[in-house]
Amino acid sequence: MNDQHESQQPAARGGKVLDALTRAERKVFTRPAPKSAKAQMKFLLTRAKGSTKALAERLGISQRTVQRYRTGQLKKPQKRLQAALVEETATEWQPQVRAQARERAATSGGMHVKVYAYFGFEASGSSDDGRERFITTAIPPTHAAEILRLQEAGATEEDLHPVVAEAITESYFTNWGSRCPGLRADFTHVKSIEIEF
């Protein structure tokens, strides 16, 4: 028997850049996350230190529903609960592996970014019309560290856009100051973005 709280809507997503950062973290997992509702519930209960109340509040369901999934009495969650279980499990899965990947990106490896967005430009002495571009470039550790710091501090999509645009400008358009001095690029209308650590 499904709990009426399962019909609540899931939380809104962050945005394309924030989602890309989340996907990049999840690509570094060394083992697959639990797949069944029972296994996910058991894993999340261990992360909640066995508190069915805390987990029920986190998932937006009753404590009894948590217990039923844990024991296997319920097996097939409704879509909203299934999405929450997958999301929460992935969020909690392998925190040390994720932390090591973030540290590596911020100190030595940087990030690799593939983005399709509208880029507008400002340059001293000239102007260039903005347009949609598909750009693939490496972002150095200094910029990667700033992007990851902002994400960890709870930055919004709008907070991240100028920082990512600056990193792309330096690595792709100005080649670290060797061409187009004074160029500044902004990107908006991000159609797609993929990030790898």
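Count residues from 1 along the sequence.
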May I ask you to check whether [X] and [Y] show a side-chain donor-acceptor distance below 3.5 Å?
X: Thr91; Y: Arg26; answer: yes
X: Gln63; Y: Arg68; answer: no
X: Asp159; Y: Thr156; answer: yes

Out of curiosity, [X] [atom1] to [Y] [atom2], how far, rounded to the nearest 0.5 Å?
X: Leu55; Y: Leu85; atom1: CG; atom2: CG; answer: 8.0 Å
X: Tyr69; Y: Lys75; atom1: OH; atom2: NZ; answer: 11.0 Å
X: Gln67; Y: Gln73; atom1: CD; atom2: CD; answer: 9.0 Å
X: Gln40; Y: Lys35; atom1: CD; atom2: NZ; answer: 8.0 Å
X: Ile135; Y: Thr137; atom1: CD1; atom2: OG1; answer: 8.0 Å
X: Arg23; Y: Ile193; atom1: CZ; atom2: CD1; answer: 8.5 Å

Taking side chain as C-beta onward, heavy atoms only, is [X] less than 4.5 Å from [Y]?
X: Glu25; Y: Gln94; result: no
X: Pro95; Y: Arg47; result: yes
X: Gln82; Y: Val86; result: yes
X: Pro34; Y: Trp93; result: yes
X: Val115; Y: Thr136; result: no

Verify, without hydrogens or angle tests, whether [X] (side chain) and [Y] (backbone) share a donor-acceptor contact under 3.5 angstrom.
X: Thr169; Y: Ala165; answer: yes
X: Ser171; Y: Ala138; answer: yes
X: Glu194; Y: Val113; answer: no

Pair Lys16-Glu157, salt bridge (charged side-chain N to carboxylate O under 4.0 Å, His left out): steps then yes or no: CA-CA 8 Å; Lys16 292 189 177 171; Glu157 188 80 0; over 6 Å; no

Side chain to side chain contact (heavy atoms under 4.5 Å, CB included) evaluation trace for Gln151 with Thr22: CA-CA 10 Å; Gln151 178 200 23; Thr22 300; 4.2 Å; yes

Closest contact, heavy atoms only, [X] versus [Y]:
X: Ile195; Y: Lys27; result: O-NZ, 4.0 Å
X: Ala144; Y: Ala105; result: CB-O, 3.4 Å
X: Ala90; Y: Phe29; result: O-CZ, 3.5 Å

Step-by-step salt bridge (charged side-chain N to carboxylate O under 4.0 Å, His left out) determination, Arg149 to Glu146: CA-CA 5 Å; Arg149 185 191 65 73; Glu146 178 65 10; 2.8 Å; yes

Criterion salt bridge (charged side-chain N to carboxylate O under 4.0 Å, His left out) on Arg102 and Glu152, from CA distance to verdict: CA-CA 11 Å; Arg102 291 172 68 87; Glu152 204 166 282; 3.4 Å; yes

With hydrophobic residues grouped by side-chain heavy-atom distances under 4.5 Å, do [X] and [Y] end up in a single group?
X: Val97; Y: Met111; value: no
X: Val28; Y: Ile147; value: no
X: Phe43; Y: Met41; value: yes

Audit row: Arg58, Glu88, side chain to side chain contact (heavy atoms under 4.5 Å, CB included) steps and yes/no: CA-CA 9 Å; Arg58 185 172 172 183; Glu88 293 297 325; 2.5 Å; yes

Parallel, tilted or perpendicular: rings of His189 and Tyr118 (30°, 60°): perpendicular

Salt bridge (charged side-chain N to carboxylate O under 4.0 Å, His left out) assessment of Glu92 paired with Arg98: CA-CA 10 Å; Glu92 293 287 334; Arg98 281 198 320 269; over 6 Å; no

Transitive ILVMFWY cluster of Tyr116, excluding itself - 4.5 Å side-chain cut-off: Phe134

